[in-house]
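Before any comments, here is the structure.
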Amino acid sequence: MPRIAEILDTMEYGPSPEDSGIARDWLARHEAGFGHFIDGKFVAPAEGGRFEVLNPATSKPLAQVAQGTAKDVDAAVKAARRAQKGWAALPGSERARHLYALARHVQRRERLLSVIETMDNGKPIRESRDIDIPLVARHFYHHAGWASLVETEFPGYRPVGVCGQIIPWNFPLLMLAWKVAPALAAGNTVVLKPAEFTPLTALLFAEIAQEAGLPPGVLNIVTGDGATGALIVDHPDVDKIAFTGSTEVGRRIREATAGTGKKLSLELGGKSPFIVFDDADLDAAVEGVVDSIWFNQGQVCCAGSRLLVQESVADRMYDKLKRRMATLRVGDPLDKSTDMGPIVAQVQLDRIKHYVELGKTEGAACWQDSATLPKGGLYFPPTLFTGAEPASTIAQDEIFGPVLTASTFRTPDEAVSLANNSRYGLAASVWSETVNQALHVAARLKAGVVWINCANMFDAAVGFGGYRESGFGREGGREGLYEYLVAGWEKDAPALKPVAAAPLAAVPLGGDHDLPSIDRTAKLYVGGKQARPDGGYSYGVTDPKGRVLGQVGLGNRKDIRNAVEAAHKATGWGGLAGHNRAQVLYFLAENLAARSEEFAHRLTAMTGATAKAASAEVEAAVRRVFFYAGFADKYDGQVHDARARQVTLAMNEPWGVMGILCPDEAPLLGFVSLVVPAIAMGNRVVAVPSPRHPLVATDLYQVLDTSDVPDGVVNIVTGERDVLAKTLAEHDDIAALWYAGPADGGAAVEKASAGSLKATWTNQGRRRDWLSDAEGQGRDYLRRATQVKNIWLPYGE
Ligand code: NAI
């Protein structure tokens with residue numbers, strides 16, 4: 001035993017192990033192996049075997065868990081389907097009571113859950129006890145509230161149905177709560193698959209659900225590896241997939257669900273910047289780094305893994321960091337004074353080691369404290385790379401371990417551009433005592449969550465989710481609930497009548513043919529100017545009797561690329577105040593109204609619509625532009641009520657550049673109904689009008705010119721919808737894509753969008769009643785035209 005004087009000198013503390021007796025008892029009761037939890041009961045796996053779950057601190061087995069097969073998944077989906085109607089039909093207050101009971105029961109079993117979580121995942125008991133499990137309870141309480149509010153707060157919406165949920169191993173029970181609580185609150189039922197490394201708290205939660213009296217079939221848990229996950233994704237009777245995990249698997253799920261009509265939300269990887277300005281409180285920032293990258297051994301999707309420090313304070317910051325790193329205790333995660341436990345599994349440890357070795361060859365200086373690591377478990381020391389090149393692999397790839405790469409910047413602009421130099425966009429942390437600077441930077445970061453002078457804060461009331469390849473959709477808060485709801489009008493819309501459309505017949509521009517001459521050919525509209533189609537071809541637009549009415553350009557890939565480039569240049573539009581955008585839209589509405597007759601004639605000539613129907617369409621289009629002009633400065637964000645002395649600003653930000661493929665029915669109104677809400681929110685668009693009836697869109701060029709719509713805000717490329725859609729879907733600089741056309745075209749768009757993981761909204765081959773204000777306009781469109789960025793801003797002491 002060291003003497004007290006020595007202890008005071010070294011400030012060393014002895015072990016303070018958490019008692020794991022209750023957890024060992026629970027595991028002993030399940031020695032024979034776990035089954036799946038289906039229809040309210042634990043059932044032995046239908047076929048197939050079990051696999052071992054290991055404790056990463058000892059590498060010893062903890063339990064035997066079932067490998068879910070197609071039969072198990074099918075049984076679980078069937079149970080969920082049987083239960084769904086009844087669950088959704090319960091009064092919201094009844095569902096609320098069930099969620100509330102789950103929250104209470106979780107609190108009652110907090111110790112057991114924390115210890116099992118730590119044994120299964122390796123995270124320090126301090127974290128599971130003080131962070132993970134309390135947040136789980138908070139999530140169920142919060143969503144118990146939503147269960148009773150959903151009907152009045154989301155009028156016209158319905159539950160999606162049966163939700164397949166696939167979660168990772170880094171926050172096993174917390175991710176379950178993030179998925180299950182909103183799904184059940186909204187009236188869905190669930191088939192959830194925990195990660196193969198960490199299924200135990202999900203199984204314990206299933207026991208809790210039984211104990212709390214959750215009706216059978218509402219929650220089903222099937223264990224297994226990625227193959228079991230894929231079976232859930234592919235099951236035809238699942239209505240929605242919610243996934244958290246690697247970007248690689250997220251991409252595969254996007255492809256697998258393309259064209260199936262399954263709703264999808266993806267919360268994927270990250271390489272989040274942690275930006276420290278020279279006026280930051282450096283000691284606080286050091287603690288922020290600890291919470292960012294050494295919390296949960298760095299196995300956090302939103303880990304602040306890229307430290308960007310202003311050059312003038314970099315050396316001081318690094319010194320402080322190294323000193324702090326030397327005090328981090330790596331060891332037994334069940335010890336209450338441990339800061340970092342083992343890595344979750346051998347493959348993950350190998351992956352981290354691989355990156356660290358690679359980093360050493362990439363010119364960055366590697367620093368690790370010399371303290372020896374405990375033996376036996378999968379331990380890895382906190383690691384810092386300084387002088388990392390922004391383009392190096394260790395600064396670009398998600399390592400998912402306790403490895404921080406640091407580099408410097410000189411100006412705020414440079415900080416923003418370095419921070420955004422990533423394919424991901426999950427989170428960011430900004431440290432500066434100047435609120436003006438911090439907010440100015442936060443507004444320009446491409447990230448779904450920004451923590452100012454804080455890091456890794458989570459709350460059930462605040463949406464969480466990423467930009468770019470970090471996925472789409474939000475979890476938590478009001479914005480998260482939309483992922484588990486569907487607008488009634490969208491769900492019930494009838495299928496579009498299939499139209500056998502012949503491919504557009506290309507003719508050379510100005511060539512030798514008997515179509516109207518070249519100067520009567522409508523060109524494309526790119527960057528505010530009329531542009532000749534790159535390929536030099538046009539096609540004839542005919543009336544219902546087959547008579548040629550005119551020619552329009554036949555756009556190709558190059559035209560789309562030019563249009564995207566022009567749209568990107570129009571950066572000022574998104575930065576304008578909503579009021580200024582409104583002025584432009586009012587002007588547009590007036591100019592369109594002034595030419596109503598002309599547009600109505602054009603519609604009649606193209607589609608054969610009666611004069612009355614054509615006028616009604618034009619009038620509705622004018623009204624719609626006015627509607628969005630009115631909304632341009634009113635689609636407010638929110639201030640979430642997350643914690644005391646903290647404002648969390650949920651800001652609705654435009655995507656940037658959007659691709660929009662317009663419908664054939666209602667060629668003018670369909671175009672206006674999609675393009676105008678997108679630009680009202682500050683997006684720039686590349687729009688492809690109805691291929692069969694494009695002339696109303698080409699007639700709009702002049703209206704756009706005379707309405708002061710800045711160059712590049714609306715770009716119009718005429719041509720074959722599905723050919724152009726593919727280029728847009730694959731384009732890395734298109735952030736979101738809307739598609740209204742035949743079902744197979746929508747499916748192709750969803751599939752092609754997997755590469756850059758852009759958010760898509762397709763009509764699923766259904767008809768929309770564009771004339772109806774309930775279907776053709778409203779907040780749904782504005783929500784789809786924006787993504788929410790949550791900025792956390794603490795204040796006070
Ligand atoms: P993963 O993405 O393979 O696993 C996450 C979940 O998806 C697990 O439940 C797994 O069984 C399931 N899964 C795997 N393949 C599937 C498929 N084809 N269809 C459906 N479900 C499938 O992640 P993994 O391999 O455990 O970790 C690899 C890397 O992924 C990590 O090093 C890290 O970079 C990243 N990752 C990111 C996470 C995040 O929260 N963003 C969480 C876990 C991993």
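Computed from a predicted structure; not experimentally measured. One-based numbering, in listed order, for ligands and for the atoms of each.
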- Task: Go through the steps for Phe400 and Trp169 under the test ring-ring contact (aromatic ring centres under 6.0 Å, His included), then give the verdict.
- Result: CA-CA 12 Å; Phe400 227 62; Trp169 40 261; 5.3 Å; yes

Taking only heavy atoms of [X], which atoms of ligand 1 are found under 4.0 Å from at least one of them?
X      : value
Asp225 : 11 (O)
Leu268 : 41 (N)
Gly269 : 41 (N)
Gly229 : 19 (N), 20 (C), 21 (N)
Ala230 : 19 (N), 20 (C)
Arg252 : 18 (N)
Asn170 : 40 (O)
Ala195 : 9 (O)

Which residue holds the protein heavy atom closest to [atom], what is that atom called, and what is the gap in Å?
atom                    : answer
atom 32 (O) of ligand 1 : Arg351 NE, 2.8 Å
atom 7 (O) of ligand 1  : Phe243 CE1, 3.2 Å
atom 26 (O) of ligand 1 : Trp169 NE1, 2.6 Å
atom 30 (O) of ligand 1 : Ser246 CB, 2.9 Å
atom 38 (C) of ligand 1 : Phe400 CZ, 3.4 Å
atom 9 (O) of ligand 1  : Ile167 O, 2.8 Å
atom 40 (O) of ligand 1 : Cys301 CB, 3.3 Å
atom 12 (C) of ligand 1 : Ile166 CG2, 3.7 Å

Considering only heavy atoms, does [X] approach ligand 1 within less than 4.0 Å through its side chain, its backbone, both, or neither?
X      : answer
Gln348 : side chain
Ile232 : neither
Glu196 : side chain
Thr247 : neither

- Task: Examine Phe197 against ligand 1 and note whether any of their N/O atoms are separated by less than 3.5 Å.
- Result: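 Among all N and O atoms of Phe197, none is under 3.5 Å from an N or O of ligand 1.
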
Does [X] have its ring centroid less than 6.0 Å away from the ring centroid of [Y]?
X      : Y      : result
Phe171 : Trp178 : no
Trp655 : Tyr467 : no
Phe205 : Phe140 : yes

- Message: Within a 6.0 Å radius of atom CD on Glu248, are there more than 12 heavy atoms belonging to other residues, nucleotides or ligands?
- Response: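 Not more than 12 within 6.0 Å, no.
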
- Query: Does atom NZ of Lys360 have more than 12 heavy-atom neighbours, drawn from other residues, nucleotides or ligands, at distances under 6.0 Å?
  - Reply: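 Yes, NZ of Lys360 has more than 12 neighbouring heavy atoms, counting only those of other groups under 6.0 Å.
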
To check you understand the geometry: which heavy-atom pair defines the closest contact between [X] and [Y], and what is its length?
X      : Y      : answer
Val162 : Arg81  : CG2-CZ, 3.6 Å
Ser59  : Leu54  : O-CD2, 4.1 Å
Thr762 : Val749 : CG2-CG1, 4.5 Å
His640 : Gly463 : NE2-N, 4.2 Å

- cation_pi(Lys240, Tyr484) dist<6.0 Å, angle<=45: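 Yes, Lys240 and Tyr484 form such a contact.
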
- Message: Please check: side-chain N/O of Gln787 versus main-chain N/O of Gly448, any donor-acceptor pairing under 3.5 Å?
- Response: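 Absent.
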
- Message: Does the residue Phe171 have a heavy-atom contact with ligand 1, meaning some pair of atoms that are separated by less than 4.0 Å?
- Response: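 Distance cut 4.0 Å: Phe171 fails for ligand 1.
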
- Item | Pick from Ala345, Gly226, Pro168: the one approaching atom 42 (C) of ligand 1 most closely through a non-hydrogen atom |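 Result: the heavy atom closest to atom 42 (C) of ligand 1 is in Pro168.
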
- So, Glu110 and Arg129, do they make that salt bridge, N to O below 4.0 Å?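 No salt bridge links Glu110 with Arg129.
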
- CA sep, side-chain torsions, deciding dist, call: Asp339, Trp294, side-chain contact (heavy atoms from CB on, under 4.5 Å): CA-CA 8 Å; Asp339 297 306; Trp294 294 310; over 6 Å; no

